[in-house]
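Quick one: the structure is below, questions incoming.
Numbering of ligands and ligand atoms starts at 1, following listing order.
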Amino acid sequence: MFKSFKEGIFKLVHKLKEKSLTEKEIESIIDDFYITLISNDVALNVADEIINEVKLSLIGKSVSRFTNISELFLDSLRSALYNTLKLGQGGDLCDIIKRSDKPFSIVFFGVNGVGKTTTIAKVAWMLKNKGFSVVMACSDTFRAAAIEQLEYHADKLGVKMIRHNYGSDPAAVAFDAISHAKSKKIDVVLIDTAGRQHSNINLMDELRKIVRVINPSYKILVLDALTGNDAYNQAIYFEEGVGVDALIFTKVDADVKGGAIITVIRTIKKPVLYLGIGQKYEDLIPYDPNYILSRLLI
Ligand code: GDP
């Protein structure tokens, strides 16, 4: 993400070698930052706010020709981005589950392909390892192979999965899973939902019905870090449609630009629980602002 920042700064620093930095020159470097933020999927208003913070932090700083100007500017930008990423801290799922009534039911939302089912399997693996008992529910009764996909993970993990037939009521599946958990004293119910994008009104009605019928303990939105601005639009769509308690970003192991993560965290203001960093069960790490920042600062 910062490659072009560094190039931009290098050019200016070169010009500024023998004199002190003027306000106009600060502005021109900041403009470079702004353009790079936008071209890396940071939303315009968020880029504006971040640039303003960088400017404010630089005003009044004394510089001479011996000052490492590129480091000064980059440090200031790093702080502004870190402060934004820090807003995503604050969610410890295991702690929340420990403190809550059981069974603790979690509905996972997210459009097809973001990695929702894989993430549910990762969460089940992690919870089992921490000593929680888990049941899964396949409330995606729409997409061909959705049930078999979740079942594959359930079998591998040794976790029971509640399923109905394709075309049946997703809310009824979730309800049955919670009843099962109550009768067997299972700690956590993980509910997979549909994420079709081509009949959105139906989808949101279906998700709202699940939420109405089971009143879940927690609602997690899964977002693909690689989808740029789409992740932001999805966050707004699900937050407005069903409400979201927390986020998980997947595919952070891939070459993420990071702008969407920054925009979503800054605008949605929800905790980020975990980051998906690969396809294996263990590739789910607690959210860490520094992990994201270090991946952006290449
Ligand atoms: P769903 O349609 O949202 O349920 O998505 P899936 O769970 O089927 O995942 C879609 C693809 O993304 C699969 O190939 C997963 O292996 C892959 N995937 C999921 N999470 C991650 C991740 O954190 N990193 C990488 N590299 N791939 C992931």
Inset, instruction - Flag the pair D192 and K116 as a salt bridge only when some basic side-chain nitrogen lies within less than 4.0 angstrom of an acidic carboxylate oxygen. - result: yes

Inset, instruction - Please identify which atoms of ligand 1 are closer than 4.0 Å to at least one heavy atom of G276. - result: 23 (O)

Legend entry - Enumerated ligand 1 atoms positioned under 4.0 Å from heavy atoms of I277: 23 (O)

Inset, instruction - Under the side chain to side chain contact (heavy atoms under 4.5 Å, CB included) rule, collect the residues that match up with S76, sequence neighbours excluded. - result: V54, S57, L58

Inset, instruction - Would you check whether Q149 has a nitrogen or oxygen atom less than 3.5 angstrom from a nitrogen or oxygen atom of ligand 1? - result: yes

Legend entry - Contact check, V111 vs ligand 1, heavy-atom distance below 4.0 Å: yes

Legend entry - Pair D75-L72, side chain to side chain contact (heavy atoms under 4.5 Å, CB included): steps then yes or no: CA-CA 5 Å; D75 273 354; L72 180 71; 6.0 Å; no

Inset, instruction - Answer yes or no for D283: is there a heavy-atom contact with ligand 1 below 4.0 Å? - result: no

Inset, instruction - Would you mind listing which atoms of ligand 1 come within a distance below 4.0 Å of any non-hydrogen atom of K116? - result: 1 (P), 3 (O), 4 (O), 5 (O), 7 (O)

Legend entry - Nearest protein heavy atom with distance in Å, relative to atom 5 (O) of ligand 1: G115 N, 3.1 Å

Legend entry - Lys/Arg N to Asp/Glu carboxylate O, E53 vs R266, below 4.0 Å: yes

Legend entry - Spacing of CG belonging to L150 relative to CG belonging to D140, to within rounding of 0.5 Å: 9.5 Å

Legend entry - Shortest non-hydrogen contact between Y291 and V252, atoms and distance: CE2-CG1, 3.8 Å

Legend entry - Close approach of G113 to ligand 1, heavy atoms, under 4.0 angstrom: yes

Inset, instruction - Tell me which one of G278, A145, A146 gets a heavy atom nearest to atom 22 (C) of ligand 1. - result: G278

Legend entry - For K251, the ligand 1 atoms whose distance to one of its heavy atoms is below 4.0 Å: 12 (O), 18 (N), 21 (C), 22 (C), 23 (O), 24 (N), 25 (C), 27 (N), 28 (C)

Inset, instruction - Report the relative orientation of the aromatic rings in F33 and F73; use parallel for angles under 30°, tilted for 30 to 60°, perpendicular for over 60°. - result: perpendicular

Inset, instruction - Just jot down the ligand 1 atoms closer than 4.0 angstrom to any heavy atom of N112, in number order. - result: 2 (O)

Inset, instruction - Among residues two or more places apart or on two chains, list those pairs meeting ring pair (Phe, Tyr, Trp, His ring centres under 6.0 Å) that have a residue in residues 153-196. - result: H153-Y281

Inset, instruction - Could you list which atoms of ligand 1 come closer than 4.0 Å to a heavy atom of T118? - result: 6 (P), 7 (O), 9 (O), 15 (C), 19 (C)

Inset, instruction - Consider ligand 1: state whether an atom of it lies below 4.0 angstrom from any non-hydrogen atom of G110. - result: no

